[in-house]
**Student:** 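Structure in C-alpha cells, see below.
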Amino acid sequence: MTNLTDLPNIGPKVADQLVAVGIQTPRDLAQVGSREAWLRIQAQDPSACIHRLTALEGAIRGVKKSDLPDQVKVDLKQFYQEHRIG
C-alpha cells in the first residue's frame, strides 16, 4: 500500500489532514504512531475526536476501528481524555 486511503478507516478528509501534518504514506503513519499523528491533527483541528484516534490506530493495525482489542480502546480513550483540547 502506498496511499493513505488504502488503509482501513482512512478516507480522503483524514488522509488530507495526515498529509498536512507531514504524514505522507502508510509507512510514515506507522512510524509516527496513532497518538502522535492524532496530536498533530488536533493541533490543526481541535475537533479531532476519539473516533479519529481509534481510526488511526486501526489503520496502522490494518483493521476497522471497531475491531481493535478492548484494552487498546481503553488505552486510547485514556490518552484522548488526557490530551484533548477543550
**Student:** Strictly distance-based, threshold 3.5 Å: is any side-chain N or O of K73 a donor or acceptor partner for the main-chain N or O of S66?
**Tutor:** yes
**Student:** Out of curiosity, Q44 CD to R40 CZ, how far, rounded to the nearest 0.5 Å?
**Tutor:** 10.5 Å
**Student:** Please name the pair of heavy atoms, one in L7 and one in L29, separated by the smallest distance, quoted to 0.1 Å.
**Tutor:** CD1-CD2, 3.9 Å
**Student:** Can you name the closest pair of heavy atoms from S34 and I60 and give their distance?
**Tutor:** N-CD1, 3.3 Å
**Student:** Would V21 end up clustered with V19 when hydrophobic side chains under 4.5 Å apart are linked, directly or stepwise?
**Tutor:** yes
**Student:** Quick one: does W38's side chain have a donor or acceptor within less than 3.5 Å of a partner on G33's backbone?
**Tutor:** no
**Student:** Could you tell me which non-hydrogen atom of R84 sits nearest to which non-hydrogen atom of Q42, and how far apart they are?
**Tutor:** CA-OE1, 3.1 Å
**Student:** Could you tell me which non-hydrogen atom of A59 sits nearest to which non-hydrogen atom of I10, and how far apart they are?
**Tutor:** CB-CG1, 3.6 Å
**Student:** State the NZ-CG distance between K65 and L53, to the nearest 0.5 angstrom.
**Tutor:** 10.0 Å
**Student:** Looking only at atom types and distance, does a side-chain atom of N9 sit under 3.5 Å from a main-chain N or O of V63, one as donor and one as acceptor?
**Tutor:** yes
**Student:** First locate atom CG of D75, then atom CD of Q71, and finally report the distance between them rounded to the nearest 0.5 Å.
**Tutor:** 4.5 Å
**Student:** Could you tell me which non-hydrogen atom of G58 sits nearest to which non-hydrogen atom of P8, and how far apart they are?
**Tutor:** O-CG, 4.2 Å
**Student:** Do T2 and P26 make a side-chain contact, defined as non-hydrogen atoms from C-beta onward lying under 4.5 Å apart?
**Tutor:** no
**Student:** What's the spacing between H83 NE2 and Q78 CD if we round to 0.5 Å?
**Tutor:** 10.0 Å
**Student:** About how many Å separate CD1 of I23 and CG of L56, when rounded to the nearest 0.5 Å?
**Tutor:** 7.5 Å
**Student:** Could you measure the distance from the CG atom of D28 to the CG atom of L18? Nearest 0.5 Å is fine.
**Tutor:** 9.5 Å
